[in-house]
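A short worksheet on the structure shown next.
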Amino acid sequence: MQQEGKVRLDKWLWAARFFKTRSLAKAAIEGGKVQCAGERCKASKEIRVGDVLSIRQGLDQKTVEVLVLSEQRRGAPEAQLLYRESEDSIAAREAAAAQRKALGAGGQISDGRPSKKQRRQIFRFRDERNTPAED
């Protein structure tokens, strides 16, 4: 592990175990999912100790501060020593996770098409509305 100097952003993200491969890290950086100091950056950007990164993974947004530079991928316990996630970031992620959990299965992201069960419910609802009420 290096204390001083510079390391490529994609290499550090891979070493810190945010992404499985450097190519995935590079794709995320190019897709705007990783920002350094609030700005989009390139995979070749050399980061330093103290830089603040904003990383979007799936539905989660993490804000981390670089503590140690490393070009080698090691075990997860050692990788967690490379950075520190901010308290605000942890609280926001936990709140978002709790909200997703509270929504349950109904809060799933879909491709816009109803499932077979949902389609049956729609047809049942339409039939109930179109049937004349008996007085």
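The shortest distance between side-chain heavy atoms of L69 and I47 falls below 4.5 Å. With contacts defined as side-chain heavy-atom distances shorter than 4.5 Å, the pair V66/V7 does not qualify. Considering only heavy atoms from C-beta on, T63 stays 4.5 Å or farther from D88 through its side chain.
Among residues at least two apart or in separate chains, ring pair (Phe, Tyr, Trp, His ring centres under 6.0 Å) pairs with a member in residues 77-100 are F18-Y83. Within the structure, no pair that satisfies the ring pair (Phe, Tyr, Trp, His ring centres under 6.0 Å) test touches residues 23-75, not counting sequence neighbours.
Considering CG of D127 and CD1 of I122, their distance stands at 12.0 Å, rounded to 0.5 Å. For the atom pair NZ of K42 and CG of D10, the computed distance is 13.0 Å after rounding to the nearest 0.5 Å.
K117 is linked by a side chain to side chain contact (heavy atoms under 4.5 Å, CB included) to S115, Q121, counting only residues two or more places apart in sequence or in another chain. For A28, the side chain to side chain contact (heavy atoms under 4.5 Å, CB included) partners are F19, K33, V34, not counting sequence neighbours. Applying the side chain to side chain donor-acceptor pair (under 3.5 Å) test to E85 and every residue at least two apart in sequence or in another chain returns S89, R93. For the side chain to side chain donor-acceptor pair (under 3.5 Å) test, no residue two or more places apart in sequence or in another chain qualifies with R120. Checked against side chain to side chain contact (heavy atoms under 4.5 Å, CB included), R17 has the following partners two or more places apart in sequence or in another chain: R73, A76, A79. With sequence neighbours excluded, no residue forms a salt bridge (Lys or Arg N to Asp or Glu O under 4.0 Å) with R40. Looking at residues two or more places apart in sequence or on another chain, you find a side chain to side chain contact (heavy atoms under 4.5 Å, CB included) between F123 and R119, R126. Annotation: side chain to side chain donor-acceptor pair (under 3.5 Å) contacts of T21 (sequence neighbours excluded): S23. Residues that satisfy the salt bridge (Lys or Arg N to Asp or Glu O under 4.0 Å) test with K45, not counting sequence neighbours, are absent from this structure. Partners of R56 according to the side chain to side chain donor-acceptor pair (under 3.5 Å) rule, which considers only residues two or more places apart in sequence or in another chain, are Q61.
The nearest pair of heavy atoms linking C41 to L9 is SG-CD2, 3.4 Å. Shown here for L82 and W12, the closest heavy-atom pair between the two residues is O-CZ2, 3.5 Å. V64 and I55 get closest at one heavy-atom pair: CG2-CD1, 3.9 Å. Smallest separation of non-hydrogen atoms from A15 and S70: CB-O, 3.6 Å. The shortest non-hydrogen separation linking R100 to L59 is CD-CD1, 3.4 Å.
If you chain together hydrophobic residues whose side chains sit under 4.5 Å apart, V68 and W14 never meet in one group. Linking ILVMFWY side-chain heavy atoms closer than 4.5 Å, directly or via other members, places I90 and L81 in two distinct hydrophobic clusters.
Within the 3.5 Å criterion, the main-chain N or O of R48 finds a donor-acceptor partner in the side chain of D51.
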